[in-house]
Number of protein chains: 4
Amino acid sequence: MALNTGERVRASAVKLFAGKGFHGTGIRDLAQAAKISSASLYHYMGTKEELLAGIMRECLERLLLAASRLPGEDPPERLAALVALHVLTHATQPDRTRVVDHELHVLSAAARRGIVRLRDEYEDLWTVAIEDGIRAGSFHDGQPGVTRLALIEMCNGVSRWYSPRGPLSLEELADHYARLANRMLGGRENDFSIVVGQVRSVVSTVWKKPL
Amino acid sequence: MALNTGERVRASAVKLFAGKGFHGTGIRDLAQAAKISSASLYHYMGTKEELLAGIMRECLERLLLAASRLPGEDPPERLAALVALHVLTHATQPDRTRVVDHELHVLSAAARRGIVRLRDEYEDLWTVAIEDGIRAGSFHDGQPGVTRLALIEMCNGVSRWYSPRGPLSLEELADHYARLANRMLGGRENDFSIVVGQVRSVVSTVWKKPL
Amino acid sequence: MALNTGERVRASAVKLFAGKGFHGTGIRDLAQAAKISSASLYHYMGTKEELLAGIMRECLERLLLAASRLPGEDPPERLAALVALHVLTHATQPDRTRVVDHELHVLSAAARRGIVRLRDEYEDLWTVAIEDGIRAGSFHDGQPGVTRLALIEMCNGVSRWYSPRGPLSLEELADHYARLANRMLGGRENDFSIVVGQVRSVVSTVWKKPL
Amino acid sequence: MALNTGERVRASAVKLFAGKGFHGTGIRDLAQAAKISSASLYHYMGTKEELLAGIMRECLERLLLAASRLPGEDPPERLAALVALHVLTHATQPDRTRVVDHELHVLSAAARRGIVRLRDEYEDLWTVAIEDGIRAGSFHDGQPGVTRLALIEMCNGVSRWYSPRGPLSLEELADHYARLANRMLGGRENDFSIVVGQVRSVVSTVWKKPL
DNA sequence: AATGAATGAGAGTTCATTCAT
DNA sequence: GATGAATGAACTCTCATTCAT
C-alpha cells in the first residue's frame with residue numbers, strides 16, 4: 001500500500017479530479033495532495049491534461065481487459081456479467097470511474113478521440129449482448145438501443161452513492177443490478193449470484209497490480 | 001423568443017456551464033456569449049457562483065412545481081408520471097439538467113444546502129411512490145432504496161444523449177422509460193401513453209414562462 | 001510629453017527590450033516600468049510577442065514612410081539621403097532601432113515574415129540607389145551587394161554608441177557617415193550637408209506624432 | 001573532430017546562444033544539444049552566466065592572440081590586417097562572434113568588466129593603427145574616432161550574413177572589406193591580397209587547437 | 001562521470017471582481 | 001444600463017540550480 005511518488009501523483013489526481021473536477025483542481029492542489037512541490041509534479045506527468053487522459057485511458061483499458069475475461073454462456077448471463085463488471089468497477093473505483101464518466105469534455109479533440117474509441121469498443125460489448133439476447137428470445141424489448149443507454153447510465157450512477165460501509169455488500173449490489181437489468185430487458189427472473197461471484201474475482205484481479 | 005439581456009445572460013450561462021463545466025467557463029466566455037461586456041454581466045448577476053445556484057434552484061423548483069401537478073391514481077401510474085416528468089425534463093432541458101446533475105460539487109456548503117434540500121424533496125416523491133407500490137402489491141423489489149437510485153440515474157442519462165432530431169419522439173422516449181421503470185420494479189406490463197401525454201403538457205406549461 | 005497608459009506601456013517596452021533584450025525582460029518588469037499591474041498590461045497589448053512585433057513593425061513603417069519622402073536627385077545624393085535617414089533614425093531612436101536590429105530571432109516564423117518583408121522592402125531602396133550609381137558611373141565598386149550589407153551594418157552601429165550629449169551633433173554625425181559611404185563606393189568627395197539637413201527634417205516629422 | 005563532452009557542451013552553448021540568445025536558451029536546451037542530462041551539465045560548467053563569460057573571454061583572447069601575430073609594415077597594411085582579422089574571424093566563427101557582439105548586456109557588472117577590458121584592449125589596436133596612418137599622411141579623415149566605430153560595426157556585420165557556401169571566398173571577402181576600410185579612411189587604392197593571405201593563416205592557426 | 005529527483009522562484013497569462021465614468 | 005480600466009490572486013508550466021546516489 002506504500003505508494004511511490006509517481007503512483008501518489010496519479011492517486012491524488014484521481015481523487016481530486018473526481019471530487020472537484022478537472023478545472024476545479026489546481027496544479028498546486030495536486031502537488032499538495034501528492035506531497036511534493038508543484039515543480040516536481042512535472043517529473044511524473046506531462047501536462048495536466050495528459051495526466052487526465054492517462055487516468056481515463058488506464059481505467060478503460062482495465063475495464064476492457066476485465067471484459068475480455070468475463071464468464072457468461074447465454075445472453076442473460078453474459079449481460080449479467082457485463083452489468084456486474086460495470087457495477088463492481090464503479091463501486092470499487094468510484095473516483096476513477098467518475099472521472100471517466102464526467103470529464104471527457106475537458107479533453108482536446110485529439111486526446112478525446114483515443115478515449116472515445118475505447119469507450120465505444122466497450123459499449124459495443126453491451127450492444128452485442130443485448131442483440132444476442134433478443135435474437136435468442138431471452139430478451140424482449142422494443143428499443144434495445146435506448147435500453148442499452150439506460151442500462152449503462154443506471155450502472156454509472158453507482159459510483160456516485162455506493163459505500164462499502166453501507167448496508168449492501170458488493171455482491172448484493174451487483175446481484176440486484178443484474179436483476180434490474182434483466183427485468184428491463186424482459187428476461188426471465190433469475191439468480192445471477194454465481195456469475196456475480198466470478199466477475200468479482202475478475203475485477204479484483206484486474207485492479208490488483210499497481211495502478 | 002427574443003430574449004432580453006438578463007435572460008440572455010442566464011441562457012448563455014446554462015449552455016456554457018453544461019458544455020464546459022462551471023470551472024471551465026470563464027466570466028469572459030459568459031460575457032461574449034451574452035454579447036455584453038464582462039463588467040456589464042454584474043448588473044444581471046451576483047457572483048458567478050450565485051448565477052450557478054440560481055440556475056439550479058430554478059430548475060429544481062420548476063421540477064417540483066411540475067411534480068405537484070402530476071396525474072397518477074395508483075402507484076404504477078404515479079411512478080410512470082414521475083419517470084415521464086424526469087425524462088421529459090431532461091430531454092427538453094438537457095443543458096439545465098446537466099448543470100443540476102453535474103455541478104453540485106462546485107457550490108459552497110451554504111449554497112449547496114438549499115439546492116440539496118430541493119433535490120431531496122423531489123427524490124422523496126419517488127421514494128413514496130415506490131413504497132406505496134410495494135405496499136399495495138403492485139411492485140415487487142427487494143431493494144427499493146437502491147432501485148430508486150438506479151431509476152433516477154437511468155433517467156438522468158437522457159440529457160446526455162437524447163436529440164429531438166433523432167428517431168424517437170418525446171412521447172416514445174418517455175413511454176419507453178416508464179415501461180423500463182415499471183419492469184425494474186416488477187410491475188405488471190402496462191401502457192402508460194395516457195399518463196405520458198398528460199405529463200408532457202404539464203412539463204411544457206411549467207417551462208413556458210420566460211426563464 | 002505626458003504619455004497615456006498605452007503609450008507608456010509601449011515606451012517602457014522599447015526601453016527594456018533594448019536594454020535587456022526581449023527574453024531578459026519580464027512581464028513584471030514591463031508592468032513596473034509602465035506603472036501598472038501586470039494584469040493591466042494586457043489591456044494594452046496582446047501577448048508579449050505581439051508587443052514586440054508591433055514595436056518593430058511601427059519602426060520599420062516610419063522608416064519606410066520617411067524613405068518615401070527623401071530628397072536626392074542623383075545617386076550619390078540619393079545614397080547620402082538613405083545613409084542620413086538610417087543614421088539619424090538610429091541616433092534619435094536608439095532603443096527602437098536596437099530592438100529592430102537585434103530581436104528578430106525571437107519572433108515566431110509567422111510574425112517574422114511580416115517584419116522581414118518590411119525590412120527587405122527598405123533594403124531594396126539601398127540596392128537600387130547603389131546600382132543606379134554604378135550604372136551612372138558615380139560609384140565604382142566590385143561587390144555592390146557586399147558593400148550594401150557593410151554600409152547598413154556600419155550605420156546600424158550608431159544606435160549602440162551615439163549620444164546627443166557627446167561632441168558630435170546629429171548633422172555632423174550624419175554628414176560624416178554620408179561621406180564614409182560615398183568613399184566606400186568610390187564616389188567623388190562631396191559635401192552632403194544640404195541633403196542631411198533635409199533628411200533631418202523628414203525624420204523629425206515622421207517621428208513627431210505620438211508613438 | 002570528435003568532441004569530448006566538455007567541448008560538446010561549449011560548442012552547443014555557442015550555437016544556441018548565437019541562435020536564440022542567452023536568455024532564450026534554457027539549460028535544458030543546452031543539455032539536449034550536448035546530449036547529456038541537465039544535471040550533468042554542471043560538471044562541465046559553473047553557472048550559465050559563467051559559461052557565457054567563458055565563451056566570450058576565450059573568443060576575445062584568441063582575437064588578441066591573433067592580433068599579436070599580425071603582419072603589416074605601414075599603417076594601411078596594418079589596418080588592412082586588422083580588418084582582415086576581424087572579418088575572417090567573424091566569417092569563420094559567426095556564432096562565437098555573434099555571442100560576443102550581442103550578449104554583453106547579460107553579464108553582471110563584475111563579469112562584464114573583464115570582458116570589456118579585453119574588448120577595449122583589442123579596439124585600441126584599431127585606434128592606434130588609424131592614428132598612425134593619419135599622422136603618417138596615409139589616411140585622411142576628420143573624425144577618426146567615429147570612423148573607427150563605423151569600421152568595426154561594419155565588420156561585425158559579417159557574422160550575420162556571410163556563408164562559405166555563397167559566391168564569395170574568405171579571401172575575396174576579407175580583401176573587399178580591407179579596400180572598403182582603406183577608402184573610408186581616404187587611403188590610396190591598394191591591393192591587400194598578400195596581407196589577407198597572411199592573416200588568414202594566422203586566424204586558422206589561432207583557432208586550430210580544441211576550443 | 002553521470003543522473004533522477006527535487007525545488008523555490010519566476011515565467012507569461014487569465015481569473016473573477018470592482019468602480020469611476 | 002453599460003463599459004473601459006484596473007487589479008490581486010491565481011493559473012499552468014519552466015527556470016536555473018542542487019544533491020544523493
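Quick note on labels: first sequence line is chain A, next is B, and so on, each numbered from 1. Here the structure is a predicted model, which means the values were calculated and not measured.
- Residues D:L41 and D:L30 are in side-chain contact: their nearest non-hydrogen atoms beyond the backbone lie under 4.5 Å apart.
- Going from atom CG of C:L51 over to atom P of E:dA11 covers 16 Å, rounded to whole Å.
- The listed nucleotides are F:dT12, E:dT13, E:dA5; the one nearest the side chain of C:K48 is E:dT13.
- Of the side-chain N and O atoms in B:S40, one or more sit less than 4.0 angstrom from OP1 or OP2 of F:dT3.
- The nearest whole Å value for the distance from the CZ atom in D:R28 to the P atom in E:dT7 is 14 Å.
- Residues D:L104 and D:I115 are in side-chain contact: their nearest non-hydrogen atoms beyond the backbone lie under 4.5 Å apart.
- Rounded to an integer number of Å, the gap from CG of B:L52 to P of E:dT17 is 12 Å.
- For A:L41 and C:E49, each mapped to the nucleotide of DNA chain E holding its nearest heavy atom, the one lying further toward the 5' end belongs to A:L41.
- For C:L30 and E:dG12, the CG to P distance is 8 Å, given to the nearest whole Å.
- Between B:H90 and B:R96, every side-chain heavy-atom pair lies at or beyond the 4.5 Å cut-off.
- The NE2 atom of B:H23 sits 12 Å away from the C1' atom of E:dA16 (whole-angstrom rounding).
- The interatomic distance linking A:F22 (CZ) with F:dC11 (P) rounds to 13 Å, in whole Å.
- Of the nucleotides present, F:dA2 is the one that pairs with E:dT21 by Watson-Crick or G-U wobble criteria, both distances under 3.5 Å.
- Among the nucleotides E:dT3, E:dT7, F:dA6, the one closest to the side chain of D:I36 is E:dT3.
- Considering only the side chain of D:T47, F:dT17 comes nearest among E:dT14, F:dA5, F:dT17.
- When the side-chain nitrogen and oxygen atoms of D:S37 are compared with OP1 and OP2 of E:dT3, one or more of them lie within a distance under 4.0 Å.
- To the nearest angstrom, C1' of E:dT21 lies 12 Å from NE2 of B:H43.
- Taking side-chain N and O atoms only, C:T5 has a distance below 4.0 Å to OP1 or OP2 of F:dA6.
- We find that B:R98 and B:E103 are not joined by a salt bridge, their nearest charged nitrogen and carboxylate oxygen being 4.0 Å or further apart.
- Nucleotide E:dT14 has F:dA9 as its partner under the Watson-Crick or G-U criteria, with both atom distances under 3.5 Å.
- For B:Y42, whose side chain is taken as the heavy atoms from C-beta onward, the closest listed nucleotide among E:dA11, E:dA16, F:dT7 is E:dA16.
- When rounded to the nearest whole Å, the span between CD1 of B:I27 and P of F:dT3 equals 15 Å.
- When the nucleotides F:dA5, E:dA9, E:dA1 are ranked by their closest atom to the side chain of A:A39, E:dA9 comes out on top.
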